[in-house]
Amino acid sequence: RMLMLAAVVLGGCTGKYIRSTTEEAVEPSPERLKRGDYLVNHVSYCGGCHTTRDSGDMLDGERADMFLAGGNVDDIPSMGFKIWMPNITGDAETGVGNWTDDELIRAIRDGIRRDGRLMVPIMPFGNYQHMSDEDVRAVVAYIRATPKVKQPKPRMENQLPFMAGLALTNFGVAHHL
């Protein structure tokens, strides 16, 4: 029985419900940009993780010239985690400039990367899964309207303990909570 239960649980959490994306663009109306500013900077506080700090340490002060440009590392040695915070500006090389608006919406709400792989839940997609269609479009419009910033730090791969990495990124355990 336990083997059957394990097979069902593991087989059911492999991303088979990942929705496809569309090419539909989000229109940046003044009202939508104002709402996006409010959501990004005061409710979701995206810059708390995604705005560069000189040292890369999440507890240091943010750099205003690197708003939403990522490059920080959340390092939790006691747990074996080292998580890279990505650039979410429109820079095509180091940010989300090549992503479609719907790929961004899917990342925010569903925790799915552009390549279809599952995100690590340090990105709080579970908190955003019930965000209204209009609010998530406002967030995307605002992110698109922020200055494009090239992140000079080379992107690093996330480091997770073996079982946590397997459970979170391969089987989507956090996607089913």
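FYI, the numbering just counts along the sequence from 1.
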**Q.** Qualifying salt bridge (Lys or Arg N to Asp or Glu O under 4.0 Å) pairs, either residue in residues 33-49, two or more places apart
**A.** Arg35-Asp135
Q | Test item: Asp74 and Phe81 side chains (from C-beta on) under 4.5 Å apart, heavy atoms | A | no
(Q) Tell me every residue that passes side chain to side chain donor-acceptor pair (under 3.5 Å) with Glu157, counting only those two or more places apart in sequence or in another chain. (A) none
(Q) Is it the case that atom NZ in Lys153 sees more than 12 heavy atoms from other parts of the structure closer than 6.0 Å? (A) yes
Q. Of all residues at least two apart in sequence or in a different chain, which pass the side chain to side chain donor-acceptor pair (under 3.5 Å) check with Thr89?
A. Asn87
Q.
If hydrophobic residues (ILVMFWY) are linked whenever their side-chain heavy atoms come closer than 4.5 Å, directly or via other members, who joins Val149 in its cluster?
A. Met66
Q. Would a 4.5 Å heavy-atom cut-off, applied to side chains only, mark Val26 and Arg144 as touching?
A. no
Q: Output every pair passing salt bridge (Lys or Arg N to Asp or Glu O under 4.0 Å) with a member in residues 40-56, not counting sequence neighbours, ordered by first then second residue.
A: Arg53-Glu62, Asp54-Arg63
Q: Would you indicate whether the side-chain heavy atoms of Ile112 and Arg19 approach each other to under 4.5 Å?
A: no
Q: Sequence neighbours left out, what passes side chain to side chain donor-acceptor pair (under 3.5 Å) with Glu134? Give chain and number order.
A: Arg32
Q: Indicate yes or no: at least one non-hydrogen side-chain atom of Met85 is less than 4.5 angstrom from one of Val73.
A: no
Q) Any salt bridge between Asp102 and Arg109, counting N to O under 4.0 Å? A) no
